[in-house]
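Chain identifiers are assigned alphabetically (A, B, ...) following the order of the sequence lines, protein sequences preceding nucleic acid strands; residue numbering begins at 1 within each chain.
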Number of protein chains: 2
Amino acid sequence: MDKRPTINDVARISGVSKRTVSRVINGATNVGVATREKIQKVIDDLGFSPDKQARGLAASRSYLLGLIYDNPDALYIDQVQRGVLSVCSERGYELVVHPCNYDTENFIDNCVHFVKRSNIDGVIILPPVSESKKLAAALRDRNINYVRMASVDLDDHANIVVSDDRAALSDLARYLVSLGHRDIGIISGPKHYYSAIERLEGFCHTLKELGVDVAENRIIEGKNTYESGIECARSLLIQSPPPQVIFANNDEMAAGVLKVAHEMGVAVPESLSVAGFDDNLLATRVIPSLTTVQRPVVAMAALAAKKIIALIEHYQTEHQDTYLVKPHLIIRESTRKAQK
Amino acid sequence: MDKRPTINDVARISGVSKRTVSRVINGATNVGVATREKIQKVIDDLGFSPDKQARGLAASRSYLLGLIYDNPDALYIDQVQRGVLSVCSERGYELVVHPCNYDTENFIDNCVHFVKRSNIDGVIILPPVSESKKLAAALRDRNINYVRMASVDLDDHANIVVSDDRAALSDLARYLVSLGHRDIGIISGPKHYYSAIERLEGFCHTLKELGVDVAENRIIEGKNTYESGIECARSLLIQSPPPQVIFANNDEMAAGVLKVAHEMGVAVPESLSVAGFDDNLLATRVIPSLTTVQRPVVAMAALAAKKIIALIEHYQTEHQDTYLVKPHLIIRESTRKAQK
DNA sequence: TTGTAGGCGTTATCAC
DNA sequence: GTGATAACGCCTACAA
């Protein structure tokens, strides 16, 4: 590899000590204007940029951000990565990815070890892993910076970005009732996920307010997978009469509903309206396209990145306090007015 | 953060010099058995592991692998990441992701700079960026280790993993002809991508061998996007008569074909067979499910990771030579025998 | 087989 | 405002 210029080169050429160069690099205020300009010029001429490793070794920082997740939704991950990276590149950080197994017993040690062995400066944690109190506690105990992305306000606002799924589902409920539907089926997510509970409650609560009750046998707990969506849709659609609407906790399962409806000869949206959640790639590809809820994932991820950097660099910003973003309803072809 | 034990602690406690500890850490052979065991015990007791930054600074290595891509297919990226990471975790590396804009003029500088500023030990490059001769040349000039994933054998075998798309498309052609189809439409990928050319040629070549000619107006150049698939499908299906089969260069575009067929009242697979490429998530979700070609992406990525590490650590392995993997045909609902 | 000494490129301490 | 000098934790000639 070509030898890159070092701080020593800069110091020698500009005729000052490297301590002073260091001051300029780090934007310290106590440097004479003339000195600063002279040094800056040399830096520019040389194309010098500080070596991350040396810098990290001395300051015990790595300029590395970690992304911890156990989420089957690749599209979601991809959007998060893009959001985080847009901030990283501005601020001189890099992103190290770390998928893990939420289920395994040693997953907390695994994550901690990940951070330790590479001196990761801070981690962003995605749902559903982000819902783990144990992980958050373990990180906090070890003074590891983290920011969680979640659907519930379960941490200090400096450590979390939450999407208001409850409010979004409330909107969806209102919309469906406005179409004249009163018989609604639900395929929820796994009940041990806060996100699933939030969505379910937000949905049912508003329905109730509007005078619509959801019978118990119309709520089925799914696993957020396509296969599970198929299974649950089947047990919902063999009921007689079948519901007028099915809301599925994510688009994957909603796609499963479409599949089963097609098999059973149930026309969507003529005889059955279907809604999902995520605005996954699938939502537009599927026929009919899905009415769903879109989270501003890229923006949330960027916000999370700003927060983690604020934590690392110990400064206050307005980002510290803003933490709540609201997803919005996207109406497509899979929902329609109730038949008379 | 808790203070981690250092090599000095290990040396002091085991009563040897840190040079000897260093030898044990790095698996040097010239250490007395007794000494080695004694030191190893201390290492285990302390839970010591060498600091990556210090190590990197001294040895000018970072134990970081980079992943360079500009690919809209999040699913593909996700699979690659998992494949690479499975090897990384075994070998003590971490993965740093770097999406970039293939189109922009400074993308090469951007990538080089990415590697330099974090002292990335080596990069894995995904298609279509991997097809860039300029990038490869730039990396080689600067002695940056790289491995490309591609559809064509366009580099030293130590630097590439290629999927034999040509052979796979040959299989597809044979399969379609065996169903009795002779009138075939094609939505190719952008012609400036090798992958698109390989697939197109592999397909047409075998068709010709089987006595099937594809008329020029039956081949349309798409852009690998869903929208482009819709557009191209339309101009193919308004021809009279329309083709019996449409092969699209990827599943995204094939999904577009299904959409248009649905709009135009063309039954798939009864009146039109459709095939894609990738075995994207879409392939199974869509109705009817797609006949397509699956690349063993995770395995390819793992192989690429092994190759890049071999390059970094300068050793020969059998991985150096194996570089070609063959995708295989997956037959689903979207293709069917030609009607009499 | 083992140890000594110096260096990797930066930041931090504490004088001046 | 500026500059020696010592860390930071590890690796690598070179010596013994």
Scan nucleotides 10-16 of chain C nucleotide by nucleotide, 5' to 3', and note B when protein non-hydrogen atoms come under 4.0 Å of the base, S if they reach only the sugar-phosphate, - if neither. BBBB---
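In terms of phosphate contacts, Ser17(A) brings no side-chain nitrogen or oxygen within less than 4.0 Å of OP1 or OP2 of dA4(D).
Atom CG in Asn30(B) sits about 17 Å away from atom P in dA15(D), given to the nearest Å.
You'll find the side chain of Tyr69(A) reaches within 4.5 Å of the side chain of Val97(A), heavy atoms only.
With respect to Val24(A), the side-chain contact (heavy atoms from CB on, under 4.5 Å) criterion is satisfied by exactly one of Ile7(A), Val31(A), Val16(A): Val31(A).
Contacts between residues 34-46 of chain B and DNA chain C, defined by a heavy-atom separation under 4.0 Å, are made by Thr35(B).
In this structure, a donor-acceptor pair under 3.5 Å is present between the side chains of Asp155(A) and Tyr146(A). Asn26(A) and Arg55(A) share a side-chain donor-acceptor pair at under 3.5 Å.
Side-chain N or O atoms of Ser62(B) include one that pairs as donor or acceptor with a backbone N or O of Asn119(B) at under 3.5 Å.
In this structure, Arg61(B) is positioned above the aromatic face of Tyr63(B), its NZ or CZ under 6.0 Å from the six-membered ring centre and within 45° of the axis.
Pairing each heavy atom of Ala301(A) with each of Val80(A), the nearest pair is CB-O, 3.4 Å.
Within the model, atoms CG of Leu126(A) and CG of Asp70(A) stand 10.0 Å from one another, a figure rounded to the nearest 0.5 Å.
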